[in-house]
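When a ligand or atom number is given, it counts from 1 through the structure's own listing order. In what follows, every heavy atom counts, from backbone to side chain, and hydrogens, waters and symmetry copies are set aside. Bear in mind the structure is a predicted one, so any value in this text is a computation, not a measurement.
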Amino acid sequence: MIRARPPVRVPLADALGLALSEDVVAPLSLPVFDNSAMDGYAVRAEDTAEASPERPVVLPVAEDIPAGRTDVLTLQPATAHRIMTGAPVPAGATAIVPVEATDGGEQSVQIRQHSQAGKHIRRAGEDVAAGTTVLREGQVVTPAALGLAAALGLAELPVFPRQRVLVISTGSELVAPGTPLQPGQIYESNSVMLAAAVREAGAEVIATPTAGDDVAQFSAVLDRYGKDADLIITSGGVSAGAYEVVKDAFGRDGDQGVEFVKVAMQPGMPQGVGRVAGTPIVTLPGNPVSALVSFEVFLRPALRRAMGLPDVQRPHRSAVLTESLTSPRGKRQFRRAIYDPVAGEVTSYGPPASHHLRWLASANGLLDIPEDVVEVSAGTELQVWDLT
Ligand code: AMP
Ligand code: MG
């Protein structure tokens, strides 16, 4: 239902965590040129053949080559160039003598050790040869991948962009945290929570407006923010009561592009899905636990798939239940849980009702109890969704 956005090239700093839409081929070699792996002296190896601590070889120091020196130098036989780590090795030099094996001289240098040909020289192309495919399509961009791209001189990477998600909360009882509460009001908590879940899934949040239980207000919010969205998520206003603003706005019979359904799961039974002016919309229930569990079950996988990201599903672990539990007949139940990966055990955490956010806030898993199960005894193996 959620469509992938067309691939784009983005500046490196914006590519972190996104999937590459193309292979990346190295436009140059790394190292770019032969350079010194040590602070020391560039020499011809054979000029140090006789060197020992007792009888150092003394060579005149003809040049000083710090990292970043851009003129091209040639080393004459029986001379040395003082050279720093990362500086270009002059033509004619075949080895680097580390400063520790010398007296560190600036006019002339005493070399106390023979250095073999090739010693302490990082060769051009020994890490990456130009033309090599260094990153693959579908690979998620990590800090190291960004470092490699930058080292290759790339300023941008081709990626599948973030889905752009609008998160709307509904309810006339809701006020923003940080403002005083009147009797009958509660703090609006779904938008910050769902927006964080959207971002954690790798997508981007356009806005997090709240509308009261008023169809005109809700429609105005949709009009104002909905245009740029790839996905609209609402919470609240979809259950069976009166003043169900989302249901009222779209009509309860599904003829305005949004169908309201009951899903056989707990929490998260009332749901709606459809399109508004072509944009996919999912209308989640208002209870905070229902909203977040529904996001986990339906939206996180869809968003990640649309962005080409791996781990579309949370990892599912098998774990042994430490207690006996009951579960409603005919509903797939997701219980907040504490999963102990070392012991391979899982324990439910807090009551199953959909307003107990406190327990979800400290749970590390969702216990997945199948529809047909009504009683599970201690010692049973169950699946846990690993939320860590
Ligand atoms: P509703 O689905 O609109 O009937 O809401 C179900 C329950 O969730 C009610 O107790 C609402 O007050 C509560 N609720 C709905 N939306 C939010 C929200 N954004 N933040 C906190 N609680 C909410
Ligand atoms: Mg409501």
Side-chain angles (χ1 to χ4, degrees), residues 165-201 205-222 224-226 229 231-252 254 256 258-274 276 281-300 328 331 333-334 336 350-363:
V165 182
L166 170 62
V167 178
I168 305 176
S169 293
T170 69
S172 295
E173 73 279 28
L174 306 174
V175 296
T179 54
L181 279 184
Q182 303 297 321
Q185 295 183 326
I186 63 168
Y187 285 121
E188 197 282 301
S189 59
N190 284 351
S191 67
V192 70
M193 177 177 72
L194 290 170
V198 165
R199 291 194 190 99
E200 199 186 52
V205 176
I206 298 177
T208 56
T210 297
D213 290 319
D214 175 89
V215 169
Q217 216 184 89
F218 176 72
S219 302
V221 165
L222 266 184
R224 169 149 183 224
Y225 298 102
L231 170 68
I232 301 169
I233 303 174
T234 66
S235 68
V238 292
S239 36
Y243 312 107
E244 303 290 7
V245 65
V246 177
K247 272 189 169 172
D248 291 341
F250 295 115
R252 298 187 179 216
Q256 289 179 52
V258 180
E259 188 188 357
F260 295 99
V261 292
K262 288 197 167 91
V263 178
M265 64 188 261
Q266 186 197 59
M269 194 176 67
Q271 304 279 351
V273 63
V276 182
I281 183 168
V282 174
T283 67
L284 304 178
N287 270 306
V289 176
S290 310
L292 193 58
V293 170
S294 305
F295 179 89
E296 279 292 330
V297 173
F298 302 118
L299 293 176
R300 186 179 184 278
K331 283 188 189 173
Q333 191 184 39
F334 291 95
R336 284 130 275 183
S354 51
H355 58 287
H356 292 290
L357 195 52
R358 166 187 162 194
W359 307 93
L360 187 54
S362 300

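Ranking protein heavy atoms by distance to atom 17 (C) of ligand 1, first place goes to Asn190 ND2, 3.4 Å. In this structure, atom 12 (O) of ligand 1 lies nearest to the protein heavy atom Glu173 OE2, 2.5 Å. In terms of protein heavy atoms, atom 7 (C) of ligand 1 is closest to Asn287 OD1, 3.5 Å. For atom 19 (N) of ligand 1, the closest non-hydrogen atom of the protein is Glu188 OE2, 2.9 Å. If you check which protein heavy atom lies closest to atom 3 (O) of ligand 1, you get Gly237 N, 2.9 Å. Protein heavy atom nearest atom 20 (N) of ligand 1, with residue, atom name and distance: Ser189 N, 3.0 Å.
With a heavy-atom cut-off of 4.0 Å, Ile186 touches ligand 1 through its side chain alone. Contact annotation: for Ser169 versus ligand 1, heavy atoms closer than 4.0 Å belong to the side chain alone. Neither the backbone nor the side chain of His355 comes within contact range of ligand 1; no heavy atom lies under 4.0 Å.
Annotation for ligand 1: atoms under 4.0 Å from non-hydrogen atoms of Tyr187 are 20 (N), 21 (C). In summary, the atoms of ligand 1 found under 4.0 Å from a heavy atom of Thr170, numbered by their order in the structure, are 16 (N).
At distances below 3.5 Å, at least one donor-acceptor pair connects side-chain atoms of Asn190 with backbone N or O atoms of Gly286. For Lys247 (side chain) and Ser239 (main-chain N/O), a donor-acceptor pair under 3.5 Å exists by modelled atom type. A donor-acceptor pair is defined here as one N or O able to donate and one able to accept, closer than 3.5 Å; no such pair exists between the side chain of Thr234 and the backbone of Ile168. A donor-acceptor distance shorter than 3.5 angstrom exists from the side chain of Arg336 to the backbone of His356, with no hydrogens or angles considered.
For the residues Ser290, Ala291, Ser239, Gly286, the heavy atom positioned nearest atom 13 (C) of ligand 1 is part of Gly286.
Residue Tyr187 qualifies as enclosed at atom OH: its count of foreign heavy atoms under 6.0 Å is above 12. Summarising the local packing, CD of Glu259 is surrounded by 12 or fewer heavy atoms from other residues, nucleotides or ligands at distances under 6.0 Å.
The aromatic rings of Phe250 and Phe218 sit perpendicular to each other, their planes meeting at more than 60°, with 30° as the lower class boundary.
Tested against Ile232 for a side chain to side chain contact (heavy atoms under 4.5 Å, CB included), the candidates Leu222, Val221, Val167 yield a single pass: Leu222.
Ligand 1 has no nitrogen or oxygen under 3.5 angstrom from a nitrogen or oxygen of Gly236. Ligand 1 has no N or O atom lying under 3.5 Å from any N or O atom of Val238, backbone or side chain.
Between Val205 and Ala195, the shortest heavy-atom distance links the atoms CG2-O, 3.6 Å.
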